[in-house]
2 protein chains.
Amino acid sequence: MPNLLGYNVRRAEIALWRDFSRTVGEGEVRPALFSLMILVEANPGVAQIDIANQLDIDKATIVGLVQRLQRRQCVVCRRSEVDRRRQGIFLTDRGQKELNQLRQEMLDHETRFTRLFSAQELAQLFTLLRRIHP
Amino acid sequence: MPNLLGYNVRRAEIALWRDFSRTVGEGEVRPALFSLMILVEANPGVAQIDIANQLDIDKATIVGLVQRLQRRQCVVCRRSEVDRRRQGIFLTDRGQKELNQLRQEMLDHETRFTRLFSAQELAQLFTLLRRIHP
DNA sequence: TATTGTTATACTCTATAACTATA
DNA sequence: TATAGTTATAGAGTATAACAATA
């Protein structure tokens with residue numbers, strides 16, 4: 001089993017998750033929520049369906065994540081004027097401020113793991129992982 | 001974000017999980033349950049606490065997994081004579097038969113991903129992943 | 001007909017805290 | 001005191017199915 005791909009990827013994911021949970025966002029923000037905030041910041045007004053496609057998860061799953069961010073007053077949704085089915089998602093000032101804080105904690109978290117590798121090893125690891133999730 | 005370690009590991013894990021779920025055990029057995037069966041097969045009579053330590057998850061989490069295997073009549077538990085706190089877990093004949101079937105499906109699943117890599121790349125990937133979950 | 005978002009529901013896997021029985 | 005197992009509870013993140021509103 002130690003030589004099974006899925007097993008090793010899962011173990012790595014759990015280790016990363018634990019460190020993230022214990023060091024980022026005072027235990028209130030988890031990787032998926034953070035990813036969503038980053039996406040909204042980079043694409044102000046992005047629609048839920050686009051996020052779902054980008055992250056390759058079902059659109060129904062996005063709804064709950066967005067609602068959690070709305071409750072935290074980190075994002076607001078505005079219905080599109082041109083296509084009234086779509087809702088643009090925007091970071092609030094508060095969301096932006098919180099994200100700036102999270103980003104720093106997140107980079108510290110990231111560094112605790114990336115420093116285990118040389119630049120070349122890290123690039124190689126990314127290349128290999130991306131082959132699994134094309 | 002595409003250059004964040006956690007993000008790429010998580011995406012890879014989701015991709016592996018989906019393929020596993022759709023091709024192994026007719027959608028009734030998931031990676032964690034499969035891992036547990038493999039561990040029990042390799043260590044007949046293993047105690048729950050040892051499994052928890054081996055997989056690096058809390059012992060309370062193991063209980064539910066074992067109970068699911070008991071309900072499927074794949075394992076039985078026998079209390080130890082020497083230390084009555086411990087319970088040995090054993091595969092039943094039925095569990096062994098089911099595991100043999102699962103193993104084949106699982107290897108097909110594994111191959112669909114490992115064939116994306118050369119032997120050297122795969123070894124490298126394992127080395128790097130293990131550095132994340134020491 | 002197709003797409004966007006929503007609701008309802010369920011599942012896997014993890015965690016923590018408090019408990020019992022045993023050592 | 002410490003350990004093995006259990007129970008209760010909670011939470012994140014995924015999925016499917018069915019629906020309303022809109023295109």
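For the pair B/R10 and A/A32, the tightest heavy-atom approach, listed with the atom from each and the gap, is NH2-CA, 3.7 Å.
The residue A/I14 sits close only to the backbone: its heavy atoms come under 4.0 Å of sugar-phosphate atoms, none of a base. Contacts of A/A60 with the nucleic acid, taken as non-hydrogen atoms under 4.0 Å apart, include base atoms. At the heavy-atom level, B/D58 lies under 4.0 Å from base atoms of the strands shown. Note on A/V82: only backbone sugar-phosphate atoms sit closer than 4.0 angstrom, heavy atoms only; bases stay farther off.
The side chain of B/R79 contributes no N or O atom lying less than 4.0 Å from OP1 or OP2 of D/dT6. Residue A/Q67 places at least one side-chain N or O closer than 4.0 Å to OP1 or OP2 of C/dT7. Considering only side-chain N and O atoms, B/R86 lies nowhere under 4.0 angstrom from the phosphate OP1 or OP2 of C/dA21. When the side-chain nitrogen and oxygen atoms of B/R11 are compared with OP1 and OP2 of D/dG13, none of them lie within a distance under 4.0 Å. Between D/dG13 and A/T61, no contact under 4.0 Å exists linking OP1 or OP2 to a side-chain N or O. A close approach under 4.0 Å does not occur between any side-chain nitrogen or oxygen of B/Q48 and OP1 or OP2 of D/dT3. The phosphate of D/dA15 has OP1 or OP2 within less than 4.0 Å of a side-chain N or O from B/R18. B/R68 has no side-chain polar atom (N or O) that falls below the 4.0 Å cut-off from OP1 or OP2 of C/dC11.
Checking A/D83 against A/D56, the closest nucleotide of DNA chain D that is more toward the 5' end is the one next to A/D56. Map B/K59 and B/P31 each onto its nearest nucleotide of DNA chain C; the residue landing nearer the 5' end is B/P31. Nearest-nucleotide assignment on DNA chain D puts the 5′-proximal partner with B/V66, out of A/R30 and B/V66.
Remark: B/R115 does not engage B/E110 in a salt bridge, criterion side-chain N to carboxylate O under 4.0 Å. Under a 4.0 Å N-O distance rule, the pair B/R18/A/D56 qualifies as a salt bridge. Between B/E81 and B/R86, no side-chain nitrogen of the basic residue sits less than 4.0 Å from a carboxylate oxygen of the acidic one, so the salt-bridge criterion is not met.
The interatomic distance linking B/I57 (CD1) with D/dG11 (P) rounds to 20 Å, in whole Å. Distance CG (B/L69) to C1' (C/dT12): 13 Å, rounded to an integer number of Å. Between the CZ atom of B/R71 and the C1' atom of C/dC11 there is a distance of 13 Å, given to the nearest Å.
Contact of B/R85 with D/dT3 (side chain to base): a donor-acceptor pair of N or O atoms is detected under 3.5 Å.
Between the CG atom of B/L36 and the CG atom of B/L55 there is a distance of 7.5 Å, given to the nearest 0.5 Å.
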